[in-house]
Protein chains: 2
Amino acid sequence: MPSRQTVLVVDDDELLRTLIRETLQENFKVLEADDGAEIESTLKEKRVDLVVLDVTLPGDDGFSVMRRLRKQSQVPVIMLTAKSEVVDRVVGLELGADDYICKPVEMRELLARVRTVLRRLDNRRPSSAAETARHRFNGFTLDIGKRQLSADSGCEIPLTSGEFDLLRVLAEHPNETMNRDDLLEATRDRDWNPFDRSIDVLIGRLRKKIEDDPKNPEIIKTVRGTGYIFATDVSSS
Amino acid sequence: MPSRQTVLVVDDDELLRTLIRETLQENFKVLEADDGAEIESTLKEKRVDLVVLDVTLPGDDGFSVMRRLRKQSQVPVIMLTAKSEVVDRVVGLELGADDYICKPVEMRELLARVRTVLRRLDNRRPSSAAETARHRFNGFTLDIGKRQLSADSGCEIPLTSGEFDLLRVLAEHPNETMNRDDLLEATRDRDWNPFDRSIDVLIGRLRKKIEDDPKNPEIIKTVRGTGYIFATDVSSS
DNA sequence: TACGCTGTTTACATTCAGTTACAAAATAAA
DNA sequence: TTTATTTTGTAACTGAATGTAAACAGCGTA
């Protein structure tokens, strides 16, 4: 069986959140957030297949949360709305919501809709040669699909194509010494010879971008006589 | 002359409906319905080439009618909407409407649009392929059937034929590195050789149209030595 | 301390992608 | 048809990413 799909529930009402979690967790992995701010960080850290978003959030309302969300991700969203007003529905759909449910929420209905939306999306993706993994380490997230590295602060660290490929191999083999041969093989698909220094130079360039003090690297350490090691824990999703 | 095409007018406002009928019946066969419920039965009984749908229906609104309609049929729809809001337009188009007109309706305009939509569809029919997919990403919607790209703001971004084909291939393979060979194969149906720069130029042209900062692309990224990658999430329908 | 070994850094060369301008081809208009 | 307009391909140039070579630094050992 493939690992379960993950649903992120965003609601400030803890009672409702709990209710939803209990409904969904039989079939899905459930994550929770109690405001909009938490969403973005969660999306960066974990693989999320669906978001259930209450638009009646305190502070900035659900619609603006929705809008920000859509800028960074196309993750499907089901909105919970208090009013059954057409307006809300229209705005919601305009912003890219996939479905909406009016309060009071019938748990059975919620479950049904979650399933429907996810099923609809499954059908659309038969061609999954796509990479979706994400690796987190030392305050960074490396997104394989988007080929981008971002700091937890949210800002993106531009990587060249070669830097990305190298960092990817390292992050996929944490705490494991990699020799130059392996690294070159994995990134450039060619063999290494003792005069080839390109890996070393690339390592240097990477360190400049991700190490606090590139001269005393904490993340990419040298294994003298052998190669390099990604000396940090990585959580992949 | 072939038998005339049939237009179904759905509106609860009898006066407006009559006006529309009189405008259209010179050129088309006109059927009428005064609420959403009647639509489905009519569609089952008669051949309908086009539906003119007023979204300001009583009871359940035009959008939900639209949605139900799309579940059972791909018949083209022109929506009549009270507000000229972008919101409505976007939702309408998202739900699969082919065009929309704001009230008050100019009969001459209505006739023109009916003709346009029907002509557009006629042209498409002989080419058989009923492509109706739509891909959403980063605030854009790429409509495969209409071969057009629009921003969420509602405005359309004109694409040349080659640009569209390329963007389509990319959007159909998000988060997957595509080499020039594949891209050229898919867009121009010919093989690539190392001196062929046409894909690169085309990529540049596309970036200018869809990237915020074409020099630091976020959507179409370069994979040096290999090709390009559509580095963003796509939701397809 | 001097020497050898290995990794780091810098500078520079090379390769590859981005850009532009223009030619060729295709399409639309007259 | 001819003519205009748009789209596409090509070649030349620019700049960025990468490879290469050489100087340099750290470390262990004789």
Side-chain angles (χ1 to χ4, degrees), chain A residues 147-149 157-170 177-181 183-211 213-229 231, chain B residues 119 123 147-149 157-170 177-181 183-211 213-229 231:
Chain A
R147 291 182 73 86
Q148 95 180 7
L149 176 70
I157 294 101
L159 293 182
T160 70
S161 211
E163 286 160 6
F164 173 85
D165 289 336
L166 178 58
L167 183 56
R168 175 187 175 166
V169 180
L170 291 169
T177 303
M178 304 287 288
N179 62 38
R180 294 180 175 74
D181 213 340
L183 293 173
L184 206 56
E185 171 79 45
T187 55
R188 300 290 135 114
D189 196 32
R190 69 170 195 236
D191 286 334
W192 181 81
N193 74 54
F195 303 114
D196 191 335
R197 318 302 317 287
S198 60
I199 287 292
D200 307 63
V201 176
L202 207 50
I203 289 280
R205 288 170 179 152
L206 255 184
R207 282 177 174 156
K208 280 209 191 109
K209 295 192 180 181
I210 66 173
E211 298 279 0
D213 175 8
K215 306 265 179 173
N216 299 79
E218 292 290 317
I219 306 177
I220 305 176
K221 293 194 175 160
T222 303
V223 183
R224 200 184 168 84
T226 312
Y228 300 90
I229 186 171
Chain B
R119 184 161 2 97
N123 296 342
R147 291 183 70 85
Q148 90 180 9
L149 176 71
I157 293 103
L159 293 182
T160 71
S161 178
E163 286 161 6
F164 172 85
D165 289 336
L166 179 58
L167 183 56
R168 176 188 175 166
V169 181
L170 291 170
T177 302
M178 305 287 288
N179 62 37
R180 294 181 174 73
D181 216 339
L183 293 173
L184 205 57
E185 173 79 18
T187 55
R188 305 280 189 233
D189 196 34
R190 68 167 195 240
D191 286 334
W192 181 81
N193 74 48
F195 303 114
D196 192 334
R197 313 294 316 289
S198 60
I199 286 293
D200 306 61
V201 176
L202 206 51
I203 290 280
R205 288 170 180 156
L206 255 184
R207 281 177 176 156
K208 277 209 193 109
K209 296 191 179 181
I210 67 172
E211 297 279 0
D213 175 8
K215 305 265 179 175
N216 298 76
E218 292 287 315
I219 307 177
I220 305 176
K221 291 190 179 166
T222 303
V223 184
R224 194 179 221 263
T226 310
Y228 300 91
I229 187 172

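Lettering follows sequence order; numbering is per chain, from 1.
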Mind checking if B:K208 touches a base, just sugar-phosphate, or nothing, with heavy atoms under 4.0 Å? sugar-phosphate

Heavy-atom nearest nucleotide on DNA chain D for B:R224 versus B:S198: which residue maps closer to 5'? B:S198

D:dT20 C1' sits how many Å from A:R188 CZ, rounded? 14 Å

Take A:F164 and B:K221 through the side-chain contact (heavy atoms from CB on, under 4.5 Å) test and state the conclusion after the steps. CA-CA 12 Å; A:F164 173 85; B:K221 291 190 179 166; over 6 Å; no

A:D213: partners by side chain to side chain contact (heavy atoms under 4.5 Å, CB included), with sequence neighbours left out: A:K215, A:N216

From C:dT10, C:dT19, C:dT8, pick the nucleotide closest to the side chain of A:V201? C:dT10

Roughly how far, to the nearest 0.5 Å, is CZ of B:R205 from OG1 of B:T160? 8.0 Å

Atom pair CZ/CG of B:R188 and B:L183 - distance to nearest 0.5 Å: 11.0 Å

Which of residues 159-167 of chain B have a heavy atom under 4.0 Å from DNA chain D? B:T160, B:S161, B:G162

A:I199 CD1 to C:dG7 C1', straight-line distance once rounded to whole Å: 14 Å

Identified side-chain hydrogen bond (donor to acceptor under 3.5 Å, both in side chains) counterpart of B:R180 within the set B:D200, B:T226, B:D196: B:D200

Per atom distances to the B:R207 side chain, the nearest of C:dG18, C:dG7, D:dG9 is C:dG18

Using the side-chain contact (heavy atoms from CB on, under 4.5 Å) rule, take A:E185 and A:D191 through it: C-alpha gap first, then chi angles, then the decisive distance, then the call. CA-CA 6 Å; A:E185 171 79 45; A:D191 286 334; 3.6 Å; yes

Does A:R197 place a side-chain N or O at less than 4.0 Å from the phosphate oxygens OP1/OP2 of C:dT6? no

Does a nitrogen or oxygen in the side chain of B:R180 sit under 4.0 Å from OP1 or OP2 of C:dA17? yes

Which part of the nucleic acid, if any, lies within reach of B:T187 when heavy atoms closer than 4.0 Å are counted: base, sugar-phosphate only, or nothing? nothing

With nearest nucleotide decided by heavy atoms, which residue, A:G225 or B:Y228, maps closer to the 5′ end of DNA chain C? A:G225

Determine the contact category for B:R205: base if any of its heavy atoms lies under 4.0 Å from a base atom, sugar-phosphate if only primed atoms, P, OP1 or OP2 are that close, otherwise nothing. base

Which value, rounded to the nearest 0.5 Å, describes the distance between B:T187 atom OG1 and B:L166 atom CG? 6.0 Å

In whole angstroms, the gap separating P of C:dT20 from CD1 of B:I203 amounts to 16 Å

Could you tell me whether the phosphate oxygens of C:dT6, OP1 or OP2, come under 4.0 Å of any side-chain nitrogen or oxygen in A:T222? no

